[in-house]
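First up is the structure itself, then whatever we jot down about it.
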Amino acid sequence: MSAGGVASSARCLGFVGVSALLVGVLAIGAPACAPEKADAAPPSADPAAPDAAQSDAAVSEPYPNDIVPPHPCRDKSAIDAKKFPYKTARVVANACTTSELDALTTFFRSKTNARQDVSISEWSAEVSASCAQCVFGDGTGASWPPILTKGDQLDNVNHGGCVEVASGNVACGRAYQQAAECRLEVFVTCSSDFEGVSEQRCKGARDTLDAACGSGLAAYKDACVNEAYTFEASIRAQCVTGD
């Protein structure tokens, strides 16, 4: 699913969709548009470990308990994750300070708690121009920032960029992002046996991820653990530390 495709699936719920996107993207936690039951939760933020109890997604943004995907997992066909776009991470060390990263997180948290839409123009105004230029972008350039935008809205989160920086390997970051997008494509149309169908339909993506990242995958993921929201680690790697 493209950056726009992921977000359009998420945005069918307005801000609820954006909130889920930030939990899950990459994730994978964008819900579709129909309530069904009250105990559903988005899938793990880690495409390599869907059952991890302490994943990013499990401890980050609030997830609306009354929103779940509306359909059973009817489609069992394999997904070619190479269809999901990816560009190498834009890295500008020291473009942002840790205080600016905190300001971005605080602003997003306030909007989440208030159930309000996130305006990129307002969000980016929380930090310096050089920091905002590193953090936000529409993805049309040669490299991707941590947060991809469409107009004045959040479109996607480039968590693969953090994995790329941690591994020093573009193929590893790409494979991580594509495996996550694959799981999201399954999730937005599926309400039963998500994990089993996801593992079946996204097996090729997972195999590519394992091959691209090798034995260091666990360490790269550890280096990209987020404190609250999925964008934090990517901003830190791409715009604060540069590594």
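The CD atom of E122 lies 9.0 Å from the CD atom of Q116; values are rounded to the nearest 0.5 Å. Within the model, atoms CD of E126 and SG of C131 stand 11.0 Å from one another, a figure rounded to the nearest 0.5 Å. Between the NE2 atom in H159 and the CG atom in N226 there is a gap of 5.0 Å [rounded to 0.5 Å]. Remark: T98 OG1 to D102 CG distance equals 6.0 Å, nearest 0.5 Å. The CG atom of D222 lies 9.5 Å from the CG atom of L217; values are rounded to the nearest 0.5 Å. Going from atom CZ of F187 over to atom SG of C182 covers 14.0 Å, rounded to the nearest 0.5 Å.
Remark: C162 SG to C224 SG, distance under 2.5 Å. As summarised for C213 and C172, their two SG atoms come within a distance smaller than 2.5 angstrom, satisfying the threshold.
For the residue pair T97 / S99, no side-chain donor-acceptor distance below 3.5 Å is found, with atom types taken as modelled. Defined by atom type and a distance below 3.5 Å, a donor-acceptor pair is present between the side-chain atoms of S121 and D152. With no hydrogens or angles considered, no side-chain donor-acceptor pair links E181 and Y86 at under 3.5 Å.
In this pair, F108 and F231 present their aromatic rings perpendicular. The plane angle is above 60°, beyond the 30 to 60° band.
Shown here are the salt bridge (charged side-chain N to carboxylate O under 4.0 Å, His left out) partners of D75, two or more places apart in sequence or in another chain: R201. By the side-chain contact (heavy atoms from CB on, under 4.5 Å) test, T149 is found to be paired with I120, F136, D138, I147, residues two or more places apart in sequence or in another chain being considered.
Contact detail for Q177 and N156: the closest heavy-atom pair is NE2-ND2, 4.2 Å. Here the closest heavy-atom approach between residue A95 and residue E100 is recorded as O-OE1, 3.9 Å. Smallest separation of non-hydrogen atoms from K87 and G141: NZ-O, 2.7 Å.
No side-chain heavy atom of V135 sits less than 4.5 Å from a side-chain heavy atom of V127. Counting heavy atoms from C-beta outward, T88 and S143 have side chains that approach closer than 4.5 Å. Taking the side chain as every heavy atom from C-beta outward, Q178 and T208 never approach each other to under 4.5 Å.
F107 and V157 fall within the same hydrophobic cluster, defined by Ile, Leu, Val, Met, Phe, Trp and Tyr side-chain heavy atoms under 4.5 Å apart, directly or through other members. Residues L209 and V163 share a single hydrophobic cluster, defined by chaining ILVMFWY side chains whose heavy atoms lie under 4.5 Å apart. W144 and V170 fall within a single hydrophobic cluster, where Ile, Leu, Val, Met, Phe, Trp and Tyr are joined by side-chain heavy atoms under 4.5 Å apart, directly or via other members. Hydrophobic clustering places W123 together with I235 (ILVMFWY residues linked when any side-chain heavy atoms are closer than 4.5 Å, directly or through intermediates).
A donor-acceptor pair under 3.5 Å is formed between the side chain of S234 and the backbone N or O of N158. Looking at Q200, its side chain does come within 3.5 Å of a backbone N or O of K76 through a donor-acceptor pair.
Ion pairing of E199 with R183 is present here, as a side-chain N (NZ or NE/NH1/NH2) and a carboxylate O approach within less than 4.0 Å.
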For this session: Decide yes or no on side chain to side chain contact (heavy atoms under 4.5 Å, CB included) for V118 and L154, but give the supporting numbers first.
Result: CA-CA 7 Å; V118 176; L154 183 149; 5.7 Å; no

For this session: Begin with the C-alpha distance, continue with both residues' side-chain angles, and end with the deciding distance and a verdict on disulfide bond (SG atoms under 2.5 Å apart) for C96 and C134.
Result: CA-CA 8 Å; C96 301; C134 181; 5.4 Å; no

